[in-house]
Amino acid sequence: MISYDIFAQTELKVGTVKSAERVEGSEKLVKLSVDLGERSEAGEVVYRQILAGIGKRYAPETLVGVQIVVVANLEPRALMGIESQGMLLAASDAEGPVILTPLTPVPAGSGVK
């Protein structure tokens, strides 16, 4: 078990998938471009690149516009030589991962509490 103080360090945000494509050479990995409500110093939208092992269950084109829950404060990690800048949350059943989504649309970057 972890303490609430440790759990509270996890930054969960809702993001909107802007684009999605399969990672070449992988059956499972999908590369997502996600709007987490972040802006550059010039005020332009900055998208996060997130890799997820959801490709056996989801076709990339079905994910565009979908809102997902992301662990936003993980250190970037390379998967198959591609940097992932977060992790989406999913449940799992016999057929694989099931993406967690809000029941009602919320602004990109909304915190999960």
Hey, does Ile54 have a side-chain heavy atom less than 4.5 Å from the side chain of Val98?
no
Would you name the heavy atoms of Pro97 and Gly53 that are closest together and state the gap between them?
CG-O, 3.6 Å
Taking NZ, NE, NH1 and NH2 as the nitrogens, is one of them in Arg57 or Asp93 under 4.0 Å from a carboxylate oxygen of the other?
yes
Any side-chain heavy-atom pair from Val34 and Ile68 closer than 4.5 angstrom?
yes
Below 4.5 Å, heavy atoms only, C-beta onward: do Thr16 and Val66 meet side chain to side chain?
no
Taking all non-hydrogen atoms of both residues, which atom of Ala20 and which atom of Val64 are closest, and how far apart?
N-CG2, 4.2 Å
Min side-chain heavy-atom separation Val45-Asp35 under 4.5 Å
yes
Any carboxylate oxygen within less than 4.0 angstrom of a Lys/Arg side-chain nitrogen, looking at Glu38 and Arg48?
yes
So, do Tyr58 and Val30 sit near enough that their side-chain heavy atoms are less than 4.5 Å apart?
no
Where is the tightest heavy-atom contact between Lys31 and Ile82, given as atom of each residue plus distance?
CD-CG2, 4.2 Å
Would a distance-only check, ignoring hydrogens and angles, find a side-chain to backbone donor-acceptor pair under 3.5 Å from Ser26 to Val23?
no
Is there a donor-acceptor pair under 3.5 Å between the side chain of Arg39 and the backbone N or O of Val46?
no
Taking all non-hydrogen atoms of both residues, which atom of Met80 and which atom of Glu24 are closest, and how far apart?
CE-O, 3.8 Å
Side chain to side chain contact (heavy atoms under 4.5 Å, CB included) for Ile50 and Met87? Distances and angles first, verdict last.
CA-CA 6 Å; Ile50 297 174; Met87 177 186 291; 5.7 Å; no
Quick one: does Leu32's side chain get under 4.5 Å of Gln49's, heavy atoms only?
no
Would Leu89 and Val70 satisfy side chain to side chain contact (heavy atoms under 4.5 Å, CB included), going step by step from the backbone distance to the final call?
CA-CA 6 Å; Leu89 296 185; Val70 173; over 6 Å; no
Working to the nearest 0.5 Å, report the span between CG of Leu12 and OG of Ser110.
12.5 Å
Determine the minimum heavy-atom distance between Tyr47 and Gln85, stating which atoms define it.
O-OE1, 4.3 Å
Only distances under 3.5 Å count here; give the side-chain donor-acceptor pairs of residues 71-79 to other protein atoms, sequence neighbours excluded, each with its distance to 0.1 Å.
residue	atom	partner	partner atom	Å
Asn73	OD1	Glu11	N	2.9
Asn73	ND2	Gln9	O	2.6

Hey, is the main chain of Val106 close enough, under 3.5 Å, to the side chain of Gln67 for a donor-acceptor pair?
yes
